[in-house]
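Before anything else, here's the structure in question.
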Amino acid sequence: MIRIALSSLFFERGKLLAALAGVAFAANLVLVQAGLFFGFQQASTSVISRVGGDLWVMARGTQLVDFADTLSPGVGDVVRAQPCVERARPVIFSWASIRKPSGGIDNVQLIAAEAADGRALPWSLEAGLPSDLRAPMRVAVDAADLERLELPAQAVGAPLELQDRTVHVGVVTHGIRSFTVVPYLFAEPREARRILGLAEGQATFWAVDLADPACAPAVIAGINRHPDLVVRPRAEFEKMTSHYWVIGSGAGATLAFAALLGLIVGLVVVGQTLYSLTEGRSRELATLKAMGASGGELAAFVIWQAGFLAAVGSAVGLLWAAGLKLAVLALGLTVVLDATVIGAGVGAIVAMCALASLASVRKVIKLDAARVFK
Amino acid sequence: MSAALATAIEPSAPVIDADRVRMTYGHGALATPVLHDVSLRIRPGQLVLLTGPSGSGKTTLVSILAGLLRPTAGVVDVCGARITAMSEGELARLRRAHIGFVFQADNLFPALTALANVVEVLCLRGLPRAVAIPRARTILGRVGLADRLGHRPGELSGGQRQRVAVARALASRPDLLIGDEITSALDGATAVEIMTLVRGFVTPTTAAVIVTHDHRLHRFADRIIAMEDGRIVADTTVDCQEPS
């Protein structure tokens, strides 16, 4: 039946192309929307993930990394005093204002942290080295923000008025964007404190590395006794931050709705095409039924066609999404196309094609073989 | 065809044995009787023409004999099996194993070549492709289409398409061939060609039942059954027949 099914599909090229376009469109939309969703999640939590640590200590009431009060200088000692704490690293994550060469004022987020072992902060360097930030009043700027900050294309060494202090660009990164697209500027903790006017030992968060992850409940309980502090496992804090931005902002729902629309469009196009192909061949299929073909064999006529459309349409949609992923990088958007997203997207398309084929499958199974005599 | 069904069929039995078959469409006040206690026995070796005016019940009767329609009353045996007592699945297996069909329209898949139209049906009937292809080539050669194997139905004449349909029906070597107005859309010479093929199919172990309005075909028949108002009104055995 596969030969009859696929030959009939290829014979009607107009319908085949329309159906493939529908599936590819749906696959592309589902993959890109899902990829953007995970991209937004990554963007909103990229600094937390990069800094790492088992636990994060913050001011009580803090809900996300972007809005947190600065902790007092003694907090680092409180954290280090806990048993099982191997290392406590200060993280500075603060809003700052910048005066552009044209005189305009803009907001940035100044980030500084001691990186976890084996990780560099910042990452994805386009120009300069992490050690370049150790020089006084040096910051890292992302290439995508140069125009916004009115910096030259060759930005290394260029001056910048940050918090009414003159700093210089030491490093240019590539593709490090916040969810809100507010520019991220990176600095060494010592330099960040100078720029922000913080005292030695002050930080917005403390990233805690434990000697044994099993100690986490005891450390959390110990620090949470402090009335102004709260401790959260890093994964939980990432989830809270991404939930705030991606779900709370409505961006997640918008992406899901767009993906759903794509699936509905695909469902209608594929459903119509399969039904039309089945209707057009109903006399021939009824003849096969008269000759003894079973309902399952006749259903295979539709199922092979739906399977082909799902496979080829998904492949085209995936290539299309991969192209769009590259295109939107220039806009500062990240589309995550990993195995999870691709698996979920293709699964959704297969389910859509299966759903679209139901009416046609029902039609061929219910075909009246006696109609061939009429 | 299941093994159980195959062993139930006796070679000496009539190919068709229908007893007091009645068929009524609709219920109550809308009930329309179309067959009235029709009894019929067709033995192997017979080419039977079923004739009669439109609405006489020919198509309903042949649909019942083919196991495509269940009668309101009466019993029908085909190849020794009581088809009126069979499930849909058993009926499908019986048709697959024992009955070939040719219709007024060729009902060929337009996307498939003449060869593929025959091969795919043979494969659907359980033949391995390696067996189906040479058999389909042979039968298409026998109906005069050896040079048209790679042509699609749209590239063939009406007569050629009907010959492919006949080849498709005969390729699975059925015991019974059922045809419905198989020459009505064909010119006289082509109709004779098609009926010659059908005549050649009928052997001492096979039979054919052809519904027709076409008087030109009478010379091919062993027997002509005339129907009117749902009853058999004449059942004539023909002595002289067209040599196969």
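Letters A, B, ... mirror the listed sequences (proteins, then strands); counts begin at 1.
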By the definition side-chain contact (heavy atoms from CB on, under 4.5 Å), identify the one residue from B:Leu149, B:Asp106, B:Thr113, B:Leu140 that meets it with B:Val164.
B:Leu140

Based on non-hydrogen pairs under 4.5 Å, which of B:Leu108, B:Thr60, B:Leu91 is most in contact with chain A?
B:Leu108

Under 4.5 Å from any heavy atom of chain B - which part of A:Leu285
both

Identify the residue among A:Val265, A:Leu20, A:Val30 that makes a side-chain contact (heavy atoms from CB on, under 4.5 Å) with A:Phe25.
A:Val265

Part of B:Leu112 within contact of chain A (heavy atom distance under 4.5 Å)
side chain

Between B:Pro110, B:Cys123, B:Ala92, B:Ala116, which shows the greatest number of heavy-atom pairs under 4.5 Å with chain A?
B:Pro110

First locate atom CG of B:Leu156, then atom CD of B:Gln162, and finally report the distance between them rounded to the nearest 0.5 Å.
12.0 Å

Crowded around A:Phe257 CZ? As in, over 12 foreign heavy atoms under 6.0 Å?
no

